[in-house]
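Inspection log for the structure reproduced underneath, given as structure tokens.
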Amino acid sequence: MTRQVRLIVMAIGGTGLAALLVAACFDLPGFGGDRHPYGDRVVRASLARHTANTIASVNFDQRAFDTLGEMSILFASVLGTVVLLRQTRDEHRAAPEPEEVALPVRRYALLVLPVAVLTGLYVIAHGQLSPGGGFQGGVVVATALHLLYLGADYRALERIRPVGSYQVVDALAASAYLVLGLSGLVAGTAFLANFLPYGTFNTLSSGGTVPLLNAAIGMEVTCAVVVLLARFLDQAVEIEKGDGN
């Protein structure tokens, strides 16, 4: 594809997007009012579905299909990173050398690590009840694991981070979201529509399929971030060019 063709395609796409944005702006509700039609509908739907956190109701119920797209973008990013940063023929893997870690840093990192992991799991599990959810909690859990890299060394991180296993779980979590969506069709409703009892409001079992979809996202985000960081850390710490650099 030539540069001119790429510019033409970009211009056509940009013009269409701009037209849609302008049309949407003309149909927006009045600014500064105490009532908002979209907000009112979202809150009513959230209460009807026993989902205390309105944002979770939006992400995993009213626009769960959009969330599937966001998850797919992350999954594709991981796949692209794995392909682009794979070890090439002119590279070899060198065992990382341990580095001296200051005692206060070591103590703090090893002390905070389990607390941070539990906090991330809490954020995922309570996503339908309070601010947070699978995206936020997944990032917390994934980054918390890397405190072992700061508090110990890279080899210690590798022992709790088998990249192959995380890649498999990443794919399984993404598939679980799709399976839950298809279960709605099997149950006779619609794709990603709720097919479970809504449960008791403001409890962990409330929200129907929202907690399950949220958990699938949490698992997918956790594994995706771990794999992404693993590939970049491998390049920085282990992978060397054929000339020794």
Side-chain angles (χ1 to χ4, degrees), residues 49 51 53-87 116-146 157-158 160-196 199 204-235:
R49 292 163 171 77
T51 309
N53 181 12
T54 303
I55 304 301
S57 177
V58 172
N59 287 341
F60 301 107
D61 186 359
Q62 298 159 51
R63 58 175 290 274
F65 193 81
D66 294 338
T67 302
L68 173 62
E70 295 168 359
M71 179 192 68
S72 300
I73 292 172
L74 178 59
F75 186 81
S77 300
V78 174
L79 183 61
T81 301
V82 170
V83 172
L84 291 174
L85 297 184
R86 69 189 184 279
Q87 187 174 347
V117 170
L118 288 175
T119 301
L121 295 175
Y122 178 92
V123 171
I124 295 173
H126 292 75
Q128 76 275 15
L129 305 179
S130 57
F135 284 102
Q136 298 87 338
V139 172
V140 172
V141 174
T143 52
L145 295 176
H146 289 77
L157 172 63
E158 284 187 312
I160 67 166
R161 189 212 58 188
V163 178
S165 299
Y166 279 88
Q167 290 174 340
V168 171
V169 176
D170 185 14
L172 290 176
S175 300
Y177 197 99
L178 288 171
V179 169
L180 286 169
L182 294 172
S183 299
L185 293 175
V186 175
T189 57
F191 183 68
L192 284 172
N194 180 71
F195 58 91
L196 296 175
L204 284 176
S205 60
S206 62
T209 57
V210 169
L212 299 179
L213 294 171
N214 187 52
I217 287 291
M219 188 180 302
E220 199 273 336
V221 170
T222 297
C223 295
V225 173
V226 168
V227 173
L228 283 173
L229 293 177
R231 292 309 176 194
F232 283 105
L233 283 173
D234 283 350
Q235 290 289 320

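These numbers come from a predicted model, not from an experiment.
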Review point. Among pairs that include at least one residue of residues 67-83, which meet side-chain hydrogen bond (donor to acceptor under 3.5 Å, both in side chains), considering only residues two or more places apart or in two chains?
Key: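 Applying side-chain hydrogen bond (donor to acceptor under 3.5 Å, both in side chains) to every pair that reaches into residues 67-83, excluding sequence neighbours, yields Arg63-Glu70.
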Minimal non-hydrogen separation, [X] against [Y], with atom names:
X: Val226; Y: Leu145; value: CG2-CD1, 4.1 Å
X: Val163; Y: Ala230; value: CG2-CB, 3.7 Å
X: Ser206; Y: Pro211; value: O-CG, 3.1 Å
X: Val169; Y: Cys223; value: CG1-SG, 3.4 Å
X: Ala224; Y: Val78; value: CB-CG2, 3.5 Å

Review point. With sequence neighbours excluded, what pairs up with Thr222 under the side-chain hydrogen bond (donor to acceptor under 3.5 Å, both in side chains) test?
Key: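 So Thr222 forms no side-chain hydrogen bond (donor to acceptor under 3.5 Å, both in side chains) with any residue.
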side-chain hydrogen bond (donor to acceptor under 3.5 Å, both in side chains) against Asp61, all qualifying residues, sequence neighbours excluded:
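Testing Asp61 for side-chain hydrogen bond (donor to acceptor under 3.5 Å, both in side chains), a comparison that skips the adjacent residues, returns Arg49.
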> Are Leu212 and Phe60 close enough, and set up right, to give a side-chain contact (heavy atoms from CB on, under 4.5 Å), and what steps lead you there?
Replying inline: CA-CA 9 Å; Leu212 299 179; Phe60 301 107; over 6 Å; no
Would you please name every residue forming a side chain to side chain contact (heavy atoms under 4.5 Å, CB included) with [X], sequence neighbours left out?
X: Ser183; value: Val179, Phe195
X: Leu178; value: Leu68, Phe191
X: Ala125; value: none
X: Ala171; value: Phe75

Problem - Interatomic distance, Asn214 atom CG to Thr209 atom OG1 [nearest 0.5 angstrom] - result: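 One finds 11.0 Å between CG of Asn214 and OG1 of Thr209.
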Exercise. When rounded to the nearest 0.5 angstrom, what is the spacing between CG in Leu213 and CG in Asn59?
Worked result: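 Going from CG on Leu213 over to CG on Asn59, the span is 10.5 Å.
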List the atom pairs, with distances to 0.1 Å, where a side-chain N or O of residues 127-144 and a protein N or O form a donor-acceptor pair under 3.5 Å, not counting sequence neighbours.
residue : atom : partner : partner atom : Å
Gln128  : NE2  : Leu204  : O            : 2.8
Ser130  : OG   : His126  : O            : 3.4
Thr143  : OG1  : Val139  : O            : 2.7
Thr143  : OG1  : Val140  : O            : 3.1

Original post:
So with a 6.0 Å cut-off around CE of Met71, is the heavy-atom count from everything else above 12?
Top reply: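 Above 12, so yes.
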Q) According to the salt bridge (Lys or Arg N to Asp or Glu O under 4.0 Å) rule, which pairs have a member within residues 175-188, sequence neighbours left out? A)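 The answer is none; no pair qualifies.
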Can you find a pair of side-chain heavy atoms, one from Arg161 and one from Leu233, that are under 4.5 Å apart?
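In contact.
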query: Looking at side-chain heavy atoms only, is the closest gap between Glu220 and Tyr177 below 4.5 Å?
result: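 Side chain of Glu220 against side chain of Tyr177, heavy atoms only: no contact under 4.5 Å found.
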- Quick one: salt bridge (charged side-chain N to carboxylate O under 4.0 Å, His left out) partners of Asp170, sequence neighbours excluded?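 For Asp170 there are no salt bridge (charged side-chain N to carboxylate O under 4.0 Å, His left out) partners, ignoring immediate neighbours.
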Item to complete: Dump the intermediate steps for side-chain contact (heavy atoms from CB on, under 4.5 Å) on Leu85 and Asp234, then the final yes or no.
Response: CA-CA 9 Å; Leu85 297 184; Asp234 283 350; over 6 Å; no
